[in-house]
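Note sheet for the following structure.
Every heavy atom of this structure was used, including side-chain atoms; hydrogens, water molecules and symmetry mates were not.
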Amino acid sequence: MKKFALLIAGLGIATAALPAAAAPWQNINQRQAQIDRRIDQGIRNGALDRREAVSLRSEFRQIAQLEQRYRRSNGLSVGERRDLDRRFDALSRKVRIERNDRRDRNDRPGRR
């Protein structure tokens, strides 16, 4: 009976950890589309100025080019996918910070 209880407890822990690790993963194309959409929205609603948008788009293109290099060499390895995820996480944070920096286009330095 103790073995059965330990087995059930072990399975419970394993299944609880599995969704937590798998849930945040998103398809790379989905992540790219989501970040691109957030940059577009920031431009349209004035949360991003031209300089911010150019900088974010430049970083976005660099990551997309890196992904293409990775894919050309026998597809994406686990390490390459992790690297892309890390880079997309960082870019996503930058987009969030720039969109929410409480400055609009009329509030930029040098403008009155």
Side-chain angles (χ1 to χ4, degrees):
M1 188 66 175
K2 285 183 181 180
K3 287 182 183 178
F4 182 71
L6 287 174
L7 177 66
I8 297 297
L11 286 174
I13 291 170
T15 57
L18 194 77
W25 186 82
Q26 241 185 345
N27 179 314
I28 289 176
N29 292 333
Q30 289 172 330
R31 294 212 50 199
Q32 286 177 322
Q34 180 184 27
I35 291 171
D36 191 44
R37 190 171 41 254
R38 288 173 55 212
I39 292 171
D40 286 342
Q41 287 172 344
I43 293 168
R44 277 195 306 273
N45 68 19
L48 293 173
D49 68 10
R50 179 180 165 83
R51 180 187 53 78
E52 292 167 335
V54 166
S55 174
L56 293 169
R57 290 253 188 244
S58 174
E59 187 169 345
F60 180 87
R61 278 192 303 277
Q62 290 173 356
I63 297 170
Q65 289 170 353
L66 179 62
E67 177 197 359
Q68 291 305 313
R69 282 198 307 270
Y70 284 164
R71 286 188 187 274
R72 276 194 293 264
S73 61
N74 301 327
L76 291 175
S77 70
V78 172
E80 291 167 340
R81 183 174 298 281
R82 267 193 221 119
D83 181 46
L84 290 172
D85 280 338
R86 182 184 55 79
R87 291 172 190 264
F88 279 125
D89 286 344
L91 179 57
S92 184
R93 272 191 304 276
K94 286 180 185 178
V95 171
R96 185 181 64 244
I97 289 167
E98 292 294 341
R99 284 184 64 185
N100 295 312
D101 62 2
R102 302 276 185 221
R103 295 170 60 185
D104 62 23
R105 290 183 180 156
N106 295 326
D107 198 26
R108 298 291 177 209
R111 291 198 176 173
R112 294 185 188 222

Original post:
Do N29 and E67 have side-chain heavy atoms sitting under 4.5 Å apart?
Top reply: yes

Original post:
Is Y70 close to R81 at the side-chain level, that is, under 4.5 Å between some pair of heavy atoms?
Top reply: no

Original post:
To the nearest 0.5 Å, how far apart are CG in N27 and CD in Q34?
Top reply: 11.5 Å

Subject >> Nearest-0.5 Å distance, CG of residue L56 to CG of residue L48 >> reply: 6.0 Å

Original post:
Looking only at heavy atoms, what is the nearest atom pair of I63 and R87, with distance?
Top reply: CD1-O, 3.7 Å

Subject >> CZ-CZ distance between R99 and R38, expressed to the nearest 0.5 angstrom >> reply: 6.5 Å

**OP:** Indicate the atoms forming the closest heavy-atom contact of A47 with E52, along with that distance.
**Re:** O-OE1, 3.7 Å

Subject >> Exercise: do R31 and S92 side chains pair donor with acceptor under 3.5 Å >> reply: no

Subject >> Under the side chain to side chain contact (heavy atoms under 4.5 Å, CB included) test, residues paired with R57 that sit two or more places apart >> reply: D36, I39, D40, I43, R61

Original post:
Between D89 and R93, is there a salt bridge with N-O shorter than 4.0 Å?
Top reply: no

Subject >> Joint cluster assignment, V54 & L91, ILVMFWY side-chain distance < 4.5 Å >> reply: no

Subject >> Heavy-atom neighbours of R71 CZ exceed 12 at 6.0 Å >> reply: yes

Subject >> Inter-residue atom distance E80.CD - I28.CD1, 0.5 Å rounding >> reply: 9.5 Å

